[in-house]
**Student:** 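I have a structure I would like to understand better, so I am pasting it below and will then ask my questions one at a time.
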Number of protein chains: 2
Amino acid sequence: MKLKTKGRYAVMAMADLAIFKDEGPISLTDISLRQNISLAYLEQIFIKLKQENLVKSVRGAKGGYVLESPPEEIKISHIISAVDEEIKTLNCKKESKRGCNNKSSKCITHNLWDQLDQHINSFFEKIKLQDLVKKNQMIDK
Amino acid sequence: MKLKTKGRYAVMAMADLAIFKDEGPISLTDISLRQNISLAYLEQIFIKLKQENLVKSVRGAKGGYVLESPPEEIKISHIISAVDEEIKTLNCKKESKRGCNNKSSKCITHNLWDQLDQHINSFFEKIKLQDLVKKNQMIDK
DNA sequence: TTTAATTCATACTGAAACAGTAGGATTTCT
DNA sequence: AGAAATCCTACTGTTTCAGTATGAATTAAA
Ligand code: FES
Ligand code: FES
């Protein structure tokens with residue numbers, strides 16, 4: 001069970017944006033350098049963040065990205081789901097032959113994974129971007 | 001973020017073992033048929049479960065596996081960690097150039113993933129094999 | 001004593017997913 | 001005009017996953 005880089009980077013980048021939110025649009029080049037993430041990869045991530053209205057873009061020179069909402073209103077769950085697809089602990093949905101759906105009823109462990117899913121999502125749900133920034137405000141920069 | 005089949009199958013198989021625990025050693029063939037999991041794959045999984053003293057094996061014909069402890073004493077966390085390696089949400093340990101370890105200090109999101117890790121583990125920690133069996137005792141067989 | 005059923009052990013493999021790269025087009029500030 | 005940025009999409013090497021495959025060792029039963 002592991003986290004993918006897209007989710008990890010997205011949260012990092014959003015946190016970076018939150019820290020520098022008073023300095024106008026932040027370019028991905030800046031974020032790339034500060035957080036040590038590939039620029040081209042960040043571009044892909046930000047397209048998704050933009051689609052979810054988490055950030056606003058400013059094109060052209062001196063452009064960049066700005067948070068759409070204040071950091072205290074942005075849930076981590078929103079960021080993760082925007083780029084990292086989803087938490088997949090259940091197996092039964094996709095007609096897999098193995099393990100599940102063998103008897104057209106739910107497998108022994110279905111409820112367990114379902115609860116796990118909720119447990120993880122509730123974690124991301126209750127943490128806001130602001131919660132990350134506070135702790136790192138004085139460390140970074 | 002997704003669960004791997006090894007962890008999923010291991011919990012399934014252990015639950016199966018718990019359900020039929022009064023019928024002597026249960027063969028992997030039985031589990032394979034009941035839970036619809038590849039036999040050869042189950043064999044690999046059970047070697048690990050055995051190493052962790054979660055099950056005991058009986059070799060030869062009429063052999064099979066038996067739980068080492070009563071279902072109410074077996075934590076899901078133990079099963080998962082026995083086969084599924086670990087929950088990997090942190091990235092900083094392994095000298096990766098990208099994202100973490102850029103400043104020889106922890107990245108902005110380190111604490112978040114660390115907490116997530118604990119959150120997930122505590123979930124597996126508090127659920128016992130018996131909790132799964134109860135709910136499915138009458139459904140299966 | 002032979003056969004069948006089982007665990008044990010290890011090596012191999014096809015397919016998919018991941019984590020990026022690459023290359024260019026478009027927009028806008030200076 | 002030129003530089004700095006976002007935008008867009010296709011491609012790709014590597015690793016991981018999920019299983020196969022093969023054979024040996026052990027033991028109950030016929
Ligand atoms: S996880 Fe839903 S049926 Fe197995
Ligand atoms: S997760 Fe530990 S430094 Fe980034």
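In what follows, every chain begins at residue 1, and chains take the letters A, B, ... in the order their sequences are listed.
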**Student:** If you only use heavy atoms from C-beta on, which nucleotide in C:dC18, D:dC7, D:dA5 is closest to the side chain of A:I47?
**Tutor:**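 The answer is D:dC7, which lies nearest to the side chain.
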**Student:** Please report the distance, rounded to the nearest Å, between CG in A:L49 and P in D:dC7.
**Tutor:**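 Interatomic distance, CG of A:L49 to P of D:dC7: 11 Å.
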**Student:** For a quick test of reading the model, state the closest non-hydrogen atom pair linking A:D30 to A:I26 and the distance between them.
**Tutor:**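 A:D30 and A:I26 have their closest heavy atoms at CB-CG2, 4.2 Å.
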**Student:** Considering only C:dT21, C:dA9, D:dT6, which nucleotide approaches the side chain of A:S57 most closely?
**Tutor:**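 When the side chain of A:S57 is considered, D:dT6 is the closest of C:dT21, C:dA9, D:dT6.
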**Student:** Need one value for B:Y65: base, sugar-phosphate or nothing, where a base atom within 4.0 Å counts as base even if backbone is also close, heavy atoms only.
**Tutor:** sugar-phosphate
**Student:** So A:K56, base contact, sugar-phosphate only, or nothing? Heavy-atom distance under 4.0 Å.
**Tutor:** nothing
**Student:** Of the nucleotides D:dT6, D:dA18, C:dG20, which one has an atom closest to the side chain of A:Y41?
**Tutor:**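 It is C:dG20.
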**Student:** Tell me the interatomic distance from A:I37, atom CD1, to C:dA19, atom P, rounded to whole angstroms.
**Tutor:**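 Interatomic distance, CD1 of A:I37 to P of C:dA19: 12 Å.
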**Student:** Specify the residue among B:K6 and A:G60 whose closest nucleotide of DNA chain D lies further upstream toward the 5′ end.
**Tutor:**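 In this pair, the answer is A:G60.
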**Student:** Taking only the side-chain nitrogens and oxygens of B:Y9, find out if one of them lies under 4.0 Å from OP1 or OP2 of D:dA18.
**Tutor:** no
**Student:** Side chain of A:S27 only, please: which of D:dA5, C:dA19, C:dA4 is the nearest?
**Tutor:** D:dA5
**Student:** Between atom CG in A:L33 and atom P in D:dA5, what is the gap in whole Å?
**Tutor:**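 My rounded result for the distance is 10 Å.
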**Student:** So does A:L112 get a backbone contact from the side chain of A:T109, meaning a donor-acceptor N/O pair under 3.5 Å?
**Tutor:**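 Not a single qualifying donor-acceptor pair exists.
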**Student:** For the side chain of A:E43 and the base of C:dT21, is some donor closer than 3.5 Å to an acceptor across the two?
**Tutor:**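 No, the side chain and the base share no sub-3.5 Å donor-acceptor pair.
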**Student:** Please determine whether a side-chain nitrogen of the Lys or Arg among B:K128 and B:E72 lies less than 4.0 Å from a carboxylate oxygen of the Asp or Glu.
**Tutor:**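 B:E72 and B:K128: not salt-bridged.
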**Student:** Whole Å only: how far is the CZ atom of A:R8 from the P atom of C:dC18?
**Tutor:**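 These atoms are roughly 13 Å apart.
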**Student:** Looking at A:N121 and A:D117, would you say the former's side chain and the latter's main chain have a donor-acceptor pair under 3.5 Å?
**Tutor:**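 Yes.
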**Student:** In whole angstrom, give the distance that lies between atom NZ of B:K4 and atom P of D:dG19.
**Tutor:** 14 Å
**Student:** Please tell me which of A:T5 and B:K62 maps to the more 5' nucleotide of DNA chain C, matching each residue to the nucleotide holding its nearest heavy atom.
**Tutor:** B:K62
**Student:** From the options C:dA19, C:dT28, D:dT27, select the nucleotide whose nearest atom is closest to the side chain of A:R59.
**Tutor:** C:dT28
**Student:** Round to the nearest Å and state the distance from B:K88 atom NZ to C:dC18 atom C1'.
**Tutor:**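 Atom NZ in B:K88 sits about 13 Å away from atom C1' in C:dC18.
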**Student:** Between the main-chain N or O of B:I74 and the side-chain N or O of B:S69, is there a donor-acceptor pair closer than 3.5 Å?
**Tutor:** no
**Student:** What integer distance in Å separates B:K2:NZ from D:dC17:P?
**Tutor:**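 These atoms are roughly 10 Å apart.
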**Student:** From the options D:dA29, C:dC8, D:dC7, select the nucleotide whose nearest atom is closest to the side chain of B:K50.
**Tutor:**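 From the listed options, C:dC8 comes nearest.
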**Student:** What nucleotide, of C:dG20, D:dT6, C:dA11, holds the atom closest to the side chain of A:Q44?
**Tutor:** C:dG20
**Student:** Return whichever of A:L28 or B:S38 has its heavy-atom-nearest nucleotide of DNA chain D closer to the 5' end.
**Tutor:** A:L28
**Student:** State whether the side chain of A:S32 and the backbone N or O of A:I37 hold a donor-acceptor pair below 3.5 Å, judged by distance alone.
**Tutor:** yes
**Student:** I need the CG-C1' distance between A:L39 and C:dA22, as an integer number of Å.
**Tutor:**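 Between C1' of C:dA22 and CG of A:L39: 12 Å.
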**Student:** Closest-nucleotide mapping onto DNA chain C: is B:A40 or B:D30 further toward the 5' terminus? I mean the 5' end.
**Tutor:**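 Looking at the nearest nucleotide for each, B:D30 comes out on the 5' side.
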